[in-house]
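First up is the structure itself, then whatever we jot down about it.
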Amino acid sequence: MDPERRLAFGSVADLYDRARPSYPSALVDDVLEFAGAGPGDHALEVGAGTGKATTLFAERGLRILALEPSHEMAVIARRRLAAHEGVMIEETEFERWLPQRRFKLLFSGQAWHWVEPEVRYARAREALVERGALAVFWNRPRWGSSPLREELDDAYTRTAPELGAGSAGPGPMRPGVEAPPAWWGDWTSELRGAAGFEPPELRSYSWTVEYSSQRYLELLQTHSDHVVLADGRRNALLDAVAAVIDRHGGTLTVEYVTELWLARVARGEG
């Protein structure tokens, strides 16, 4: 886990809120059904960001304590969720948060991989009631179906080859990626080995977004590996990516899969 990348999002908080996609409503249905949670129940969110997932669950009537370490991101989340009296945003890292109650549901969208691996599940067990539910999920592009994949990946090779190097492997927006990069983790295996939790369930949701070249460049600039690039490298990459999209009519269709892992606290735990 790269600390610089973990803390990079605050510098692009407004852009993140504008450019990042939300999550499928069917995912929220499945999480609530799995957790047996509904209006008035208490949930804990880890890594609220600008409140995209928070909003979806708040709209279903949950009372949410949302943890977010970035002040800049938390400011936007508070503004987005001002109408939801049952939501509290606390600026802290999950590792340093001190639980004062237990929750029926803990959810984390696009953030669980930033929690220290050695404390993730111990803290989750402390936070959840017996039989409480853990739900962690990510949006991931499926590059295999994109006709522009090779040209886009060549733009990375020419202008920012370091985004495909290193032990972490390429980030999810590098079109040449064949599988989730190592730093995202093998969540099925990790959850199966997590003490105090029952074996996990994996559910997937497919959907697409059509981007103009400008909107797609905004999206790229919210991903941590792109944020920490030197300005010259990043600008050269963005120009090269835009040139590919503009050569092909000015739009890029991205197929996404949202992957959701669900696990319940084992009987006698929590």
Side-chain angles (χ1 to χ4, degrees), residues 1-21 46-53 67-77 91-96 108-120 136-141 143 149 152-185 187 209 211 213-245 252 254 256:
M1 182 163 48
D2 185 334
E4 183 183 12
R5 287 175 61 173
R6 185 186 192 194
L7 300 173
F9 301 104
S11 66
V12 292
D14 288 313
L15 188 59
Y16 188 106
D17 190 53
R18 184 168 71 248
R20 283 290 185 108
V46 174
T50 62
K52 289 180 178 289
L67 309 181
E68 172 51 49
S70 165
H71 172 71
E72 295 84 357
M73 302 282 268
V75 166
I76 295 173
E91 292 180 29
T92 187
E93 296 175 329
F94 185 45
E95 298 91 330
R96 293 166 178 78
S108 182
Q110 215 77 14
W112 194 242
H113 57 286
W114 294 120
V115 181
E116 294 288 347
E118 57 272 17
V119 303
R120 281 197 270 255
V136 296
F137 46 93
W138 290 265
N139 294 328
R140 296 172 171 172
W143 288 113
R149 179 182 184 180
L152 289 170
D153 197 58
D154 180 65
Y156 278 80
T157 301
R158 289 185 286 105
T159 61
E162 61 267 42
L163 292 190
S167 59
M173 303 314 292
R174 175 76 191 255
V177 65
E178 295 287 349
W183 62 271
W184 286 47
W187 300 110
V209 177
Y211 291 98
S213 56
Q214 179 180 347
R215 282 188 62 216
Y216 187 68
L217 297 190
E218 290 179 344
L219 174 67
L220 290 183
Q221 292 174 83
T222 70
H223 282 265
S224 60
D225 52 349
H226 293 64
V227 174
V228 300
L229 275 177
D231 289 346
R233 286 282 205 189
R234 184 171 57 253
N235 291 338
L237 171 62
L238 296 176
D239 288 345
V241 168
V244 172
I245 297 172
L252 172 67
V254 177
Y256 285 99

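Quick note: numbers below take in every heavy atom, side chains included, and nothing from hydrogens, waters or symmetry partners. It should be emphasised that the depicted structure is a prediction, and the values quoted were computed from it without experimental measurement.
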Could you tell me which non-hydrogen atom of [X] sits nearest to which non-hydrogen atom of [Y], and how far apart they are?
{"X": "Glu91", "Y": "Ala74", "answer": "CG-CB, 3.6 Å"}
{"X": "Pro161", "Y": "Arg233", "answer": "CD-NH1, 4.0 Å"}
{"X": "Leu217", "Y": "Leu238", "answer": "CD2-O, 3.5 Å"}
{"X": "Leu163", "Y": "Asp225", "answer": "CD2-O, 3.5 Å"}
{"X": "Gln110", "Y": "Asn139", "answer": "OE1-N, 2.9 Å"}

Using 0.5 Å steps for rounding, measure from the [atom1] atom of [X] to the [atom2] atom of [Y].
{"X": "Leu252", "Y": "Tyr211", "atom1": "CG", "atom2": "OH", "answer": "8.5 Å"}
{"X": "Leu67", "Y": "Arg96", "atom1": "CG", "atom2": "CZ", "answer": "12.5 Å"}
{"X": "Gln221", "Y": "Leu237", "atom1": "CD", "atom2": "CG", "answer": "9.5 Å"}
{"X": "Arg174", "Y": "Leu152", "atom1": "CZ", "atom2": "CG", "answer": "10.5 Å"}

Would His226 and Tyr156 count as a close aromatic pair, with their ring centres under 6.0 Å? yes
Close aromatic pair by centroid cut-off 6.0 Å: Trp138 and Trp112 = no
N/O donor-acceptor pair under 3.5 Å between [X] side chain and [Y] backbone:
{"X": "Asp153", "Y": "Arg149", "answer": "no"}
{"X": "Trp143", "Y": "Pro172", "answer": "yes"}
{"X": "Lys52", "Y": "Pro21", "answer": "no"}
{"X": "Glu218", "Y": "Ala19", "answer": "no"}

Close side-chain approach of Leu219 and Met173, heavy atoms under 4.5 Å: yes
- prompt: Hey, does Val115 have a side-chain heavy atom less than 4.5 Å from the side chain of Glu95?
  reply: yes
For Arg120 and Ser108, test the side chains for any donor-to-acceptor distance below 3.5 angstrom and give the result as yes or no.
no
